[in-house]
Amino acid sequence: MQTLPSAYSPRDHEPQIYKKWEKSGYFNPNNLKCRNNARTYCIMMPPPNVTGTLHIGHAGMLAYEDILIRYHRMKGDRTLWLPGTDHAAIATQTKVEKVLKKEGTNRHKLGRKAFLDRVEVFTKESHNTIVDQIKKMGSSCDWSREAYTLDETRHKAVYSVFKMMYDDGLIYRGERIVNWCPRCHSTLANDEVEYTEETAKLYWIKYGPFILATARPETKLGDTAVAVHPDDKRYKNMVNKEYEIPGVLGTFKIKVVADEEVNPKFGSGAIKITPAHSFADNKIAQKHNLPSKKIIDEDGKMMKNCGKYAGMPTKEAREAIVKDMAKMGIIDHIDENYKHNISRCYRCDTPIEPLPSLQWFIDVNKKIPRYGKSIKELSVETVRKGVFNRQKIKICPKRFEKNYFHWMENLQDWCVSRQIWFGHRIPVWYKESSKFKVQSSKFKNKKEIYVGIKPPTGKGWVQDKDTLDTWFSSGLWTFSTLADSPNQISVKNGKLYIDSQDFKDFHPTQVLETGYDILFFWIARMIIMTTYALGDIPFYDVYLHGLVLDKKGKKMSKSKGNVVDPLDLVREYGADATRLSLVIGSTPGTDMRLAKEKIEGYRNLANKLWNIGRYILQKTTPSDTSYPINIKDCTSADAWILKKMGELIKTVEKDIQQYRFSQAGEKLREFMWDDLADWYIEASKYEENVEAKNTVLVLVFKDLLKLWHPYIPFVTETLWVYFDSNRSLLMASSWPSADTYEKIANMIKNDACQFILTKKIITAVRSARSVYRIKTGIKLELFIYAKDRSTRTEIEDQKSILLNLRTEIAKITLLKERRQIKNAFAATIDGIEIFLPLKDAIDINKERKRLQGEYNNANKYLQTIERKLQNRDFTRKAPKKIIESEKTKLKHQKLKINKIKTFLSSLE
RNA sequence: GGGCGCUUGGCUCAGUUGGUUAGAGCGACUGGUUUACACCCAGUAGGUCGGGAGUUCGAAUCUCUCAGCGCCCACCA
């Protein structure tokens, strides 16, 4: 007999348990004995950014993935969960820059090399924190294969794919209008731009024959056209004509174009077009082949071509120009309260300056020679109908497929260059003499540019200063991680090869589990990069979880101060409770709220499991429990729990396979708490087949530990030690079989139904006592009328349970015939009748009222069934199965009502 | 402006393809030191599923519409 402390204390067990797992080597699929033809199962962990610490959302992600991984490992699949981290170029660089600022320095003062050394120190520290956190959550990932988006092997993959794309003509360098942050001196991706609503002035300017409204008069210096809506009658005869427009720097020529994009209701219906400094204008300009004139430079200042305004920041220039316009009398009027959205840099809040800049792009519309399809087409088809003889990628929940298509179909060329230092430097070298600020077209002379995996030989080559968008490397994640070293990665005949056993075994991966917020950033990019580079899919399924919000439903953020650190939760409630609180009660793709109370509830759950184990250990010696179960000694309670267990295994498995983690968890809780603890164990205390029962108890509990293990690995593994004499690890044990349980349950001669009847009787008695306020300690007699002899025998068999399970029954009298019992609570259960004389406690009026209420209810229900069955449409159209069940219901309901009637009449 | 989602007892949420009198946890209330667990046990109350219309033999579940809330995308001079 073992004695365990009465409360489970996670912190006393979790660290040792994790060490034990790691030491076993079982996180690595190579060390697990699997069947020879075992299926493989692989998840790539979405690599957390090395910018600090994990947040609660990561904790949820780890919980979901670990559930899948542990389940499949126990099912006998060759299971790999590969962890890693992301260098997160911009985010990380910004963090380090902030630190430098505090120190009174900046990256330019340090220089590229020293700065990157600094970043490395920071990321190493951050990495260690993250790894520690992942372990604390109980994640069973294979650390021996850990990857980093910026390590040597991943670097080779990145350069290889870049070169492939360049050779395929998909990558080009071009001048395009980009979001430019004048402070950071870098382009920003669309998702790095934030919008704030602001009130500004709207200037109505006399513009040759037009009057038009603009919020940015200073851009007039870069105007090359005026656009109107094609249906706008006001301007119809002006379209396609050229006009001379007087301006602060003299007159200039513009062309009038008609374009659908113009909103005739805005301003005067005519808008000025500044192709170089507005996305919308640029789009119109491209369509109509309008010239572009750049007037604002990378510092956000007016350029040399702006005459006396040259060198002024845009805001200053605006004021000066407006002043001059007023002098010229070309300001018609000014709206002071013009509300519009202004785009800002998400890092430094500086207003974005759209401007043309020389960047590297991936062409998403150009056909890839070997596929005859563009990146865009390939990526859409992969999810719509499947490509490369693979089934289509399924996104769960399905509704996100729509978002995906919408995004993908509207995808524009992907700008992959960033003007920051931290990241994969663009693998392009220029001949010094060529100067790298020149247009792409000038590189027609191939001797001046070199794109390759290794630097070119020879003198005078300079590498591009920019780095790649961080998503370029994370887009390769599902396969770049499966190479052990750079030399396993090669390009042959325009295709990427990963020459490793892991790649053969584990790619495509089974499922990509992540938050829906990075569907576009990351998932879409992985699909793009993998289909392109490998001619294969990165994963079969995508499972998207929601975001974790605070108790009030607000996003967690540092500024709001409502951030929950998962490690605090682990410390206070244990990793198991933290995991459950993130998994149960959440739906795929839907945000969830997390409150302290919820986690407490799951801490209680772990403790409940612990105490069930503790109880069983006090009653049995698991190592001595002999198998197989002595079936002939088994009671109906045994049959019931074994049957329930079989059902549980089946449904949990189905739920996990279909990513219904919450449902499976709830079913496990219900089985453990309601069925096993509150009914089966309670009943077991009063039954006499001790030996057979102990075997059942140990068997069921051990398998329950297995079923719970993917959810709450620590407490289950801790308990397992006491139940398994082989000193094996629960994490490497095999998943129980539902069939076995069904078989055993069916072999027991006592039927599970008997126990169900007993349960119902007990519940009725307890309820009656409570409703009538019968004091604890007052014992009552119970009369049961059952017509069938067999039923009476069954009840007789269950007597000790009926007497002891909080019913406080002194005596049970079985009646062969219905008899009038005075002053009794009466009820009918599955065809039998029970009477509980309540002595003085019964209030005849109250009981009559109660029965009358029950009668009315039953009658109402009877009527609805009758109405249904009388409805010809129903009997004609409804499936037979439904009609039959309605008929059965009707029969039962009639019986029930008759009985209530007799109870009522016997009350006098 | 376009798209997506949510609205179920006091709170937080389930509800798989439309088919038993809609479930759970927490909270509330009543009663309990009972062979593990007060991080516990027994019991009770409480909702007709946001409003309206429709499809159907049958709707929380499908369609339309209105209202409130939230998110994503685009960004317009």
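All chains are named by letter (A, B, ...) in the order of the sequence lines, taking the proteins before the strands, and each is independently numbered beginning at 1.
- Nucleotide B/A74 holds its C1' atom 18 Å from the CE atom of A/M408, rounded to whole Å.
- At the phosphate of B/C71, neither OP1 nor OP2 sits under 4.0 Å from any side-chain N or O atom of A/K554.
- If you look at A/Y338 and A/H340, their ring centroids are closer than 6.0 Å.
- Using cut-offs of 30° and 60° for the angle between ring planes, the A/W407 and A/F520 rings count as parallel.
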Original post:
Reading nucleotides 38-44 of chain B 5' to 3', which nucleotides get B (base under 4.0 Å from a protein heavy atom), which S (sugar-phosphate only), which -?
Top reply: -BSSSSS
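- Because its NZ or CZ atom is not both nearer than 6.0 Å to the ring centre of A/W180 and within 45° of the ring axis, A/R344 does not count as a cation-pi partner of that residue.
- Distance check on atom P: B/A42 versus B/A36 gives 15 Å, rounded to whole Å.
- Proximity of A/R773 to the phosphate of B/G31: no side-chain N or O atom is located under 4.0 Å from OP1 or OP2.
- Comparing B/G50 with B/A45, their P atoms sit 24 Å apart, to the nearest whole Å.
- Among the candidates A/V262, A/L212, A/V228, the single residue satisfying the side-chain contact (heavy atoms from CB on, under 4.5 Å) test with A/I271 is A/V262.
- With both ends at atom C1', the span from B/G47 to B/U12 equals 15 Å, rounded to whole Å.
- Atoms CD (A/E682) and C1' (B/C37) sit 10 Å apart, rounded to a whole Å.
- At B/A77, one or more side-chain N or O atoms of A/H340 fall inside 4.0 Å of OP1 or OP2 (strictly under the cut-off).
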**OP:** Would you give a per-nucleotide map of nucleotides 14-20 of chain B, 5' to 3', where B means the base has a protein non-hydrogen atom under 4.0 Å away, S means only the sugar-phosphate does, and - means neither?
**Re:** SSB--BB
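- Nucleotides B/U48 and B/C41 have their C1' atoms positioned 32 Å apart, rounded to a whole Å.
- Looking only at distances, no side-chain donor or acceptor of A/K272 sits under 3.5 Å from a matching main-chain atom of A/T214.
- One atom, CD1 of A/I205, and another, C1' of B/A77, lie 11 Å apart when rounded to the nearest Å.
- Interface remark: the A/K551 side chain does not form any donor-acceptor pair with the B/U12 base, using a distance-only criterion of under 3.5 Å.
- For a distance-only test at 3.5 Å, the side chain of A/N341 qualifies as a donor-acceptor partner of the base of B/C75.
- In terms of heavy-atom proximity, A/E886 sits nearest to A/F874 at CG-CZ, 3.8 Å.
- Spacing of C1' atoms, B/A22 relative to B/G18, comes out at 14 Å, to the nearest Å.
- Both A/Y615 and A/N857 lie close to RNA chain B; mapped to their nearest nucleotides by heavy-atom distance, the more 5′-ward contact belongs to A/N857.
- Checking B/C72, B/A77, B/G25 against every side-chain atom of A/R669, the shortest atom distance belongs to B/G25.
- Regarding A/Y404, its OH atom lies at a distance of 16 Å from the C1' atom of B/C73, rounded to whole Å.
- At a threshold of 4.0 angstrom between heavy atoms, the contacts of A/K398 with the nucleic acid are absent.
- Summarising the geometry, the separation between CD on A/Q412 and C1' on B/C75 is reported as 13 Å, rounded to the nearest angstrom.
- When distances run from any side-chain atom of A/D873 to the nucleotides B/A77, B/C57, B/A24, the shortest one goes to B/C57.
- There is no side-chain donor-acceptor pair under 3.5 Å between A/W679 and A/D674.
- Distance noted for atom C1' between B/G15 and B/U20: 15 Å (whole Å).
- In this structure, A/K608 forms no cation-pi arrangement with A/Y8, as its terminal cationic atom is not both closer than 6.0 Å to the ring centre and no more than 45° off the ring axis.
- If you take atom P in B/C4 and the same atom in B/C62, they sit 15 Å apart, rounded to whole Å.
- RNA chain B is contacted by both A/I284 and A/Y602; A/Y602 maps to the nucleotide lying nearer its 5′ end (nearest heavy atom per residue).
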**OP:** Taking Watson-Crick and G-U wobble pairs with both distances under 3.5 Å, convert RNA chain B into its dot-bracket string, 5' to 3', dots for unpaired and | for cross-strand pairs.
**Re:** (((((((..((((.....[...)))).(((((.......))))).....(((((..]....))))))))))))....
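- Cation-pi check for A/R669 over A/W708 is not met; the charged atom does not lie both under 6.0 angstrom from the ring centroid and within 45 degrees of its normal.
- Counting non-hydrogen atoms under 4.0 angstrom, A/Q893 reaches a base of the nucleic acid.
- At least one donor-acceptor pair under 3.5 Å links the side chain of A/D576 to the backbone N or O of A/V715.
- A/F723 and A/F701 have tilted rings, their planes meeting at an angle from 30° to 60° on a 0 to 90° scale.
- With a 6.0 Å radius and a threshold of 12 heavy atoms from other residues, nucleotides or ligands, A/K889 has its NZ atom above the threshold.
- Comparing the same atom, C1', in B/C49 and in B/U8 gives a spacing of 4 Å after rounding to whole Å.
- Shown here is A/H406, whose NE2 atom has no more than 12 heavy atoms of other residues, nucleotides or ligands within 6.0 Å.
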